[in-house]
Amino acid sequence: MLRDITLGQYFIGNSVIHRIDPRMKILLTIAFITMLFIVKNFIGFAVAIVFVFAVIFLSKIPLKLVVKGVKPIVPLIIFTSLLNMFFISGKTLFEIGFLKITVEGLNLAIFMSVRIILLIMGTSMLTYTTSPIALTDAIERLLNPLKKIKFPAHEMAMMMTIALRFIPTLIEETDKIMSAQKARGADLESGNLIQRAKALIPILIPLFVSAFMRAGELAMAMECRCYQGGQGRTRMRELHYSKLDVYSAIIMAISIVLIVLINIFVPTII
Amino acid sequence: MSAMIKVENLTHIYSKDTPFEKAAIKDVNLEIEEGEFVGVIGHTGSGKSTLIQHLNGLLKPDSGKIYIDGQDIWENKKNIRQVRFNVGLVFQYPEYQLFEETVAKDIAFGPTNMGLSQDEINERVEQAIEFVGLSRDLLQKSPFELSGGQKRRVAIAGVIAMRPKVLILDEPTAGLDPKGRDRILSQIKDYHKRTGSTILLVSHSMEDIAKFANKALVMNESKLFAYDTVENIFKQSDSISKMGLSVPQITKVFDKLSEKGYFTNENIYTVKYATDLLLKHLKKEEQ
């Protein structure tokens, strides 16, 4: 049950996409999001769709997996589509009772749905192809310049790394404590909302106690190994930009330029 | 008399229908009579923990049946809590499950869940703390102020307070000092004598099993290797060692002695019996 939750969705591999420097991948993802928001018509989306599918193909990640990632937001897509369909005024397409569906509304609904789906598929490629540790590493390096204004970039990254490391441990622990309290007759499955919230107390308190203890032990262990924060700390694996990163940046830039050109020469939808 | 615990063709598979599918227990058949003190032994990952979690319905079998006191525990899903009150399970490192403000309230958690009256709960709490050999003065303290060994005994008292017909303890002495171990084990033995309940004790210490249990249950590679008297189990020291387990040290000593022609017909697995035997032998030589 609890154990079956997959964390992060890193899909081990060694494809071209996997090998792009994680810093570059984060920057490219931000560029990709920007790109999706400057698209103004369906032809522009064609470029974005080709881009996303090319990335998926190159990464050798099963398409099925990526599509599955879209599933949780389907209700959101349906909800916004319905709102758009019924509440945008314009030329009436057909009427059901007091509800009117307009051409503009329908167009906008499809447009928004495509945007959301591409957004999820594209950005999930970042987490599919980058291990959580590489990701936090990259975030630390990208935030480094902010250290000048006293932003604790290293501490942030260390916190994220530790949090990621301890999620499976905490899940296992929760599982154990739940079993132990169930063995003493704790009833977690029935009752109204208040009863259920109360039933969580015997699980949450031991969990917090052990989490604090673990934190203390970890801090002690880190100090024993002379950890003093980021200053003067070197890395076993340094991040290096390669030619691959330059190529990928160029491809991203070309796609954006293409979309801007399409925006200029093709009529806009919104 | 029907068996207290009866297990029929029990199989449990973890991560079923995924590439990680693994049978944790395969086709286990078992009958344990009321009032037995059973030592459960087996290598890490042999399926001991999975087996005991089936006995109080924390895990559901993938196939097979479990009867407690003649009752199929999964016959009526709603009664599964009742099964958990009848089969008390003390997990490994049970002190991590303490959560209440006071020791008394924590021990009362199980009995309260059973829906007993306040008087009955109070009586059970006082009896349970006495069973585990702690002073009543501790009842109003916070469980987090206690020492490690005391916490563990409070946690065991929390299960005993439900007065289960079957008490299962998963390595109750792990991480304790020798004095603490002996104390907990002899209190369990004492509890067994006074209540006559069925006890299953998971342990890696063959000495403890030999000293306290009268039957032993050996799990090996997800299967039940044997369930027999302690004496008969430790007779098979060869196959037990092959599983990566061992027999009590004193048995090893006497195995060597029997190779040399001494005590060939004897089966020794407790130090006390060995001492008696040796003394008798020495006296004979003196004469």
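Just the heavy atoms: all of them, side chains too, but no hydrogens, waters or symmetry mates, feed the values below.
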Classify the ring geometry between A:F32 and A:F51 as parallel (under 30°), tilted (30 to 60°) or perpendicular (over 60°).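 Ring orientation of A:F32 relative to A:F51: parallel.
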
Taking all heavy atoms of B:I73 and all of B:I80, pick out the closest pair and write down the distance.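 Answer, listing the atom of B:I73 first, then B:I80: O-CD1, 3.7 Å.
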
Could you go through B:K165 and B:V87, starting from their C-alpha distance and side-chain angles, then the distance that decides it, and tell me whether this counts as side-chain contact (heavy atoms from CB on, under 4.5 Å)? CA-CA 6 Å; B:K165 291 181 193 160; B:V87 183; over 6 Å; no

Can you tell me which portion of B:Y96 sits under 4.5 Å from chain A's heavy atoms? Options are side chain, backbone, both or neither.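 It is both, since atoms from each part get that close.
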
Which atoms of B:F144 approach chain A - backbone, side chain, both or neither, heavy atom under 4.5 Å: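 Looking at B:F144, just its side chain touches chain A.
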
Counting heavy-atom pairs under 4.5 Å to chain A, which of B:L89, B:D106, B:V90 comes out on top?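 Among the listed options, the one with the most contacts to chain A is B:D106.
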
So, B:K48 and B:D170, do they make that salt bridge, N to O below 4.0 Å?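 No, this pair does not count.
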
